[in-house]
Number of protein chains: 2
Amino acid sequence: MSKTKKDVTIYDIAAQLDISVATVSRALRDDPVVSDKTKKRVFELAEKNGYQANQFARSLRQQHTNTIGVIIPRLNSYFMATVIAGIENVANQAGYNLIISQSSESAEREGINVRTMFNNRVDGLLVSLSYLTSNLEPFEKFAKKNIPVIFFDRTPESSSFTNIRINNVQAGYEATKHLLSQGRRRIAHVTISSTQSIYKERFLGYAMALAEFGIPLDKSLIYLADLSMESGTDAAKHLLSLPTRPDAVFVVNDNCAAGLVIGLKAKGIRVPEDIAVVGFNDDPVSRIVEPNLTSIHYPGHQMGELAARSLINHLTGAGDIMLTQTILLRSDLVIRQSSGVPVPSR
Amino acid sequence: MSKTKKDVTIYDIAAQLDISVATVSRALRDDPVVSDKTKKRVFELAEKNGYQANQFARSLRQQHTNTIGVIIPRLNSYFMATVIAGIENVANQAGYNLIISQSSESAEREGINVRTMFNNRVDGLLVSLSYLTSNLEPFEKFAKKNIPVIFFDRTPESSSFTNIRINNVQAGYEATKHLLSQGRRRIAHVTISSTQSIYKERFLGYAMALAEFGIPLDKSLIYLADLSMESGTDAAKHLLSLPTRPDAVFVVNDNCAAGLVIGLKAKGIRVPEDIAVVGFNDDPVSRIVEPNLTSIHYPGHQMGELAARSLINHLTGAGDIMLTQTILLRSDLVIRQSSGVPVPSR
DNA sequence: TACAAAAATGTAACCGATTACATTAATTTT
DNA sequence: AAAATTAATGTAATCGGTTACATTTTTGTA
């Protein structure tokens with residue numbers, strides 16, 4: 001096995017140029033205190049020798065890593081991909097690296113990831129919580145060391161951290177109200193049994209809209225799924241087995257809604273004529289399933305950019321910025337065929 | 001702003017226990033040479049003080065990071081999510097961290113990512129190439145330093161690195177042959193103009209199948225798309241504008257195939273009666289679009305596990321393991337309604 | 001009891017950068 | 001031309017672990 005060549009260090013460069021490592025170090029970081037002549041010599045030799053700074057030595061000394069940790073539940077949704085793209089945009093621009101890891105919707109795995117990020121001394125953390133996270137204890141370490149943590153989308157119910165999300169109550173309200181305004185009165189709700197407030201809030205919006213129309217909440221119309229496509233199909237079966245069928249369903253997630261639509265159609269139910277459906281997230285799947293899904297759209301890319309930008313501001317910003325804040329992004333109902341409104345075909 | 005407390009180091013622990021840092025260091029790593037009594041004392045104090053090892057100091061000294069870099073074109077496909085889950089499984093188990101970044105199908109961005117990974121001294125690299133990568137020069141650094149790089153799925157045409165992929169020629173051949181065996185004779189092909197051999201190979205399989213049936217290759221039936229859903233719809237428009245319509249289409253990607261199906265249906269074409277469609281990847285979308293897509297399935301999770309396992313073997317393994325190899329995974333045609341075979345409804 | 005071997009611990013160099021402080025060189029000012 | 005500034009470079013400590021080698025302590029054996 002061929003011997004790996006040693007890396008070239010600033011010591012090598014200093015020796016070859018017969019100057020001190022300090023000057024080399026400064027030259028490489030373009031410190032104005034170094035003369036242009038010397039800089040040029042250093043740059044050229046560094047380039048020639050393929051010098052690469054050793055990040056560990058640097059991090060060890062500087063006590064920061066220029067790295068941002070990102071922890072998300074799953075990599076496989078279009079929405080998350082969009083958010084991450086937004087984060088990357090901003091982070092790369094500002095010279096930060098990203099470490100991404102997924103909790104796979106497990107609170108335990110999430111805890112491990114948080115710990116790993118902590119050990120790797122990320123400068124800050126961007127997190128969207130798993131379904132099952134119930135305590136924020138793993139994040140306390142960050143708070144204690146004054147390392148900023150920002151939650152986005154699936155944010156904790158209450159905490160001393162910054163949150164970036166949409167108004168889920170309102171979104172749930174709008175989705176439900178839309179169905180009500182279509183004349184639907186028996187509206188089911190498919191959601192997940194989760195500690196995540198985001199789903200509780202959507203439910204709350206749903207309940208509020210019903211209340212506004214004087215419709216009592218019917219527990220039998222609430223179906224708890226895991227929000228997979230398959231669980232949507234199961235939800236369809238369940239809802240159809242009810243003594244009195246619903247005439248509409250509000251699902252908290254498009255994938256699941258798509259499964260639901262497929263399940264309904266398989267049983268000969270017409271969507272939206274017999275049962276109208278509204279989803280959530282405006283995933284591309286909403287434009288593939290037939291009929292296309294009415295859904296709640298909200299800006300993932302922007303959310304990612306905002307989260308990253310806020311974090312980096314915390315990191316570089318002067319002044320006391322550890323204060324709690326919640327940033328609310330706007331969400332919109334996108335009306336398509338599944339909710340029973342005639343949409344002009346293009 | 002509250003002052004950040006200094007981290008506790010092995011020096012603190014050593015001082016408090018009145019032993020040397022060397023012993024503390026060894027104890028913490030459970031070195032058998034340290035007595036159980038001492039270990040216990042060290043562990044307890046470390047726990048009590050919330051000691052966290054400084055990874056930089058460790059990496060700086062040990063010259064490795066226990067980190068694996070993963071570079072993929074996009075995070076937003078189901079297939080990739082599956083692969084990554086597989087990689088994570090193995091990596092976590094073996095105590096490796098992951099740094100994931102996406103090239104966004106840009107060769108330039110990919111190059112930057114490779115460089116970043118290199119600077120961060122990942123122990124190894126797992127890569128699926130962008131559409132546009134034409135030269136492997138950025139990876140040479142890794143080769144030179146004897147850091148293992150493994151390509152998966154979208155592997156380079158030829159290189160001295162290890163590749164893990166499927167037999168794309170055969171898969172393309174099977175997809176096309178399936179359509180031929182359904183009696184289709186005018187089969188279009190939607191693919192991408194890419195330097196990636198994987199698409200060239202699928203095309204080759206397509207061409208081989210046609211040749212086997214004595215059908216000359218008709219260039220007008222080849223449509224170059226960007227493989228997005230929208231581009232699939234464009235492809236539909238194009239194919240329908242042809243003087244003689246195709247009676248089948250083989251699309252190299254399910255998303256694009258879904259868009260194609262939607263486009264065809266919008267023009268009143270029946271799928272599969274008028275035009276049969278076969279996709280690629282067995283993405284969940286294949287089970288949502290109507291009719292469901294016949295597609296090529298291959299095991300993403302397994303591919304990820306295998307890639308990670310191979311890499312870690314390279315890393316820990318004894319002996320000379322820098323030799324080139326290509327691992328071929330099995331792929332299967334999954335027949336659904338879109339290709340015109342009656343499928344018993346369940 | 002004395003000595004050899006094994007077990008446990010300690011010393012100090014090292015990994016590669018950064019940076020406060022000191023020193024020397026080049027310009028300006030008087 | 002000497003003194004005062006300013007610019008450029010150098011010295012050496014530091015970040016927090018790891019580990020080769022040395023030393024001390026314990027245990028086992030003759």
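By convention in this document, chain letters (A, B, ...) are assigned in the order of the sequence lines, proteins followed by strands, and residues within each chain are numbered from 1.
- One side chain, Thr133(A) or Ser130(A), offers a donor N or O that lies under 3.5 Å from an acceptor on the other.
- In this structure the side chain of Thr9(B) never reaches within 4.5 angstrom of the side chain of Asn54(B), judged on heavy atoms.
- Remark: the Thr67(B) side chain and the Asn97(B) side chain contain no N/O donor-acceptor pair separated by less than 3.5 Å.
- Atoms NZ (Lys39(B)) and C1' (dT9(C)) sit 14 Å apart, rounded to a whole Å.
- Mapping Val33(A) and Gln62(B) onto DNA chain D by nearest heavy atom places Val33(A) at the nucleotide closer to the 5' end.
- OP1 or OP2 of dG10(D) has at least one side-chain nitrogen or oxygen of Ser20(A) nearer than 4.0 Å.
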query = Could you walk me through whether Phe151(B) and Phe139(B) pass the ring pair (Phe, Tyr, Trp, His ring centres under 6.0 Å) check?
reply = CA-CA 11 Å; Phe151(B) 292 97; Phe139(B) 298 98; 5.1 Å; yes
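- With 3.5 Å as the limit, one finds no donor-acceptor pair spanning the side chains of Ser103(B) and Asn113(B).
- For the pair Ala57(B) and Arg26(B), nearest-nucleotide mapping onto DNA chain D gives the more 5' position to Ala57(B).
- To the nearest 0.5 Å, atoms NZ (Lys144(B)) and NZ (Lys141(B)) are separated by 8.5 Å.
- When heavy atoms are screened at a 4.0 angstrom cut-off, Ser25(B) is found touching base atoms of the nucleic acid.
- Atom CD1 of Ile10(A) is separated from atom P of dC15(C) by 13 Å (rounded to the nearest Å).
- Rounding to whole angstrom units, CG of residue Asn54(A) and P of dT14(D) are separated by 21 Å.
- Look at Lys39(B) and Asp31(B) and you find no salt bridge, because none of the NZ, NE, NH1 or NH2 atoms lies under 4.0 Å from a carboxylate O.
- Contact between the side-chain N/O atoms of Gln63(B) and the OP1/OP2 oxygens of dG16(C) is found at a separation under 4.0 Å.
- Heavy-atom nearest nucleotides on DNA chain C were determined for Gln52(A) and for Thr38(B), and the one closer to the 5' end corresponds to Thr38(B).
- A salt bridge does not link Arg41(A) with Asp36(A): every distance from a Lys NZ or Arg NE/NH1/NH2 to an Asp or Glu carboxylate oxygen is 4.0 Å or more.
- Comparing the local axis fitted to the first five base pairs of the helix from dT1(C)-dA30(D) to dT30(C)-dA1(D) with the one fitted to its last five gives a bend of 50°, rounded to 10°.
- Residue Ser35(B) places at least one side-chain N or O closer than 4.0 Å to OP1 or OP2 of dT9(C).
- Side-chain proximity of Tyr51(A) to the nucleotides dT9(C), dA17(C), dA12(D) is greatest for dA17(C).
- Taking atom CD of residue Gln55(B) and atom P of nucleotide dA17(C), one finds them 19 Å apart after rounding to whole Å.
- Rounded to whole angstrom, the span from the OH atom of Tyr11(A) across to the C1' atom of dG16(C) amounts to 6 Å.
- A salt bridge between Lys40(B) and Glu44(B) is present, with a side-chain N of the basic residue lying under 4.0 Å from a carboxylate O of the acidic one.
- Between the side chain of Arg61(A) and the base of dT14(D), at least one donor-acceptor pair of N or O atoms lies under 3.5 Å.
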If you restrict it to nitrogen or oxygen atoms, what contacts under 3.5 Å exist between nucleotides 22-25 of chain D and the protein, and what is each distance?
none

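- Atom-to-atom, CG of Leu28(B) to P of dG17(D) comes out at 8 Å; the value is rounded to the nearest Å.
- Side-chain to base pairing of Arg29(B) with dG17(D): no donor and acceptor N or O lie closer than 3.5 Å to each other.
- Rounded to whole Å, atom P of dC15(D) lies 20 Å from atom CZ of Phe56(A).
- Computed from coordinates, the Leu60(A) CG to dT18(C) C1' distance equals 10 Å when rounded to whole Å.
- In the set dT18(C), dA12(C), dG17(D), dA12(C) carries the atom at the smallest distance from any side-chain atom of Ala22(B).
- The pair Glu105(A)-Arg154(A) meets the salt-bridge criterion, since a charged nitrogen lies less than 4.0 angstrom from a carboxylate oxygen.
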